[in-house]
Amino acid sequence: MAGQETFPPPFKTLFARTELDARIAELGAEITRDYQDKGEDLVLIGVLKGSVIFMADLCRAINLPLSMDFMGIASYGDDTKSSGVVQITSDLSKSIEGKHVLIVEDIIDTGLTAHYLFDNLATRHPASVKLCSLLHKPDRTERAVQIDYLGFSVPNKFVVGYGLDIAQKYRNLDFIGYVEE
Ligand code: 5GP
């Protein structure tokens with residue numbers, strides 16, 4: 001068809017779907033163990049939009065009566081670097097007071113967004129706040145954050161797919177890849 005580009009573009013695969021599935025099953029088992037006695041009060045908070053695909057798979061790997069909520073975040077900065085100045089574009093739908101919160105992120109890059117989230121959620125009096133991120137780029141850290149559950153560390157490349165976008169596209173790729181320079 002005229003104007004139709006090849007889909008997906010020729011990204012290099014970093015993690016195939018099978019590797020993602022296997023690691024997410026492990027994370028789910030670990031979280032299930034750790035929150036065994038707190039499952040009723042466990043709230044997964046997905047950070048829109050990047051974490052949506054990961055969240056959908058992770059929640060089904062956790063065998064507890066958890067609940068889910070989402071937060072929309074806009075970061076001021078250019079396309080490749082967050083400034084740490086964050087605006088909530090869509091807030092939680094319910095109070096998290098007394099709840100055990102697990103933030104679900106796609107990637108921790110500079111750490112600025114996660115840092116803001118920890119500070120913001122702490123003011124709402126949850127019983128605990130922990131962080132689960134599918135990916136971490138350790139080379140880019142500006143503010144160290146404790147990642148309690150981590151899928152994979154990745155090299156300093158711009159990654160895409162499985163929720164992560166380039167200019168809002170390619171979130172629907174079934175693998176995580178990167179653009180080769
Ligand atoms: P941080 O505040 O840790 O620097 O940035 C976190 C956010 O930046 C992530 O939630 C993600 O939306 C975006 N981000 C950081 N690195 C990448 C990347 O390599 N690929 C994509 N698609 N988004 C990224």
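Treat the numbers as computed from the prediction; the structure is a model and nothing was measured. Start at 1 and go down the list; that is how both ligands and their atoms are numbered.
- At least one heavy atom of Lys157 sits under 4.0 Å from some atom of ligand 1.
- Near Gly111, the atoms of ligand 1 lying under 4.0 angstrom from a non-hydrogen atom of the residue are 1 (P), 3 (O), 4 (O).
- In this structure, Tyr162 and Phe54 have tilted ring planes: the angle between them lies in the 30° to 60° band.
- Looking at Val160 and Phe175, their side chains never come closer than 4.5 Å, going by heavy atoms from C-beta outward.
- With salt bridges taken as basic N to acidic carboxylate O contacts below 4.0 Å, none links Arg33 and Glu30.
- In this structure, Ala114 falls outside the shell of residues with a heavy atom less than 4.0 angstrom from ligand 1.
- At least one heavy atom of Lys137 sits closer than 4.0 Å to an atom of ligand 1.
- Using a 4.0 angstrom heavy-atom cutoff, Asp106 counts as in contact with ligand 1.
- Using a 4.5 Å heavy-atom threshold, the side chains of Ile107 and His136 count as separate.
- Considering backbone and side-chain N/O atoms, Val159 comes within less than 3.5 Å of an N/O atom of ligand 1.
- Counting heavy atoms under 4.0 Å from ligand 1, residue Glu105 touches it through the side chain alone.
- The shortest N or O to N or O distance between Val160 and ligand 1 is not below 3.5 Å.
- Here is the list of ligand 1 atoms found below 4.0 Å of a heavy atom in Thr113: 1 (P), 2 (O), 5 (O), 6 (C).
- Scanning both residues, Pro126 and Val101, for their nearest heavy atoms gives CB-CG2, 4.0 Å.
- In this pair, Tyr35 and His100 present their aromatic rings perpendicular. The plane angle is above 60°, beyond the 30 to 60° band.
- Applying the 4.0 Å criterion to heavy atoms of Asp165 picks out, from ligand 1, the atoms 21 (C), 22 (N).
- In this structure the side chain of Phe70 never reaches within 4.5 angstrom of the side chain of Leu92, judged on heavy atoms.
- The option with the heavy atom closest to atom 15 (C) of ligand 1, from among Thr141, Leu117, Asp109, Val47, is Asp109.
- Here Leu58 contributes atom CG and Leu134 contributes atom CG; the two are 9.0 Å apart, rounded to the nearest 0.5 Å.
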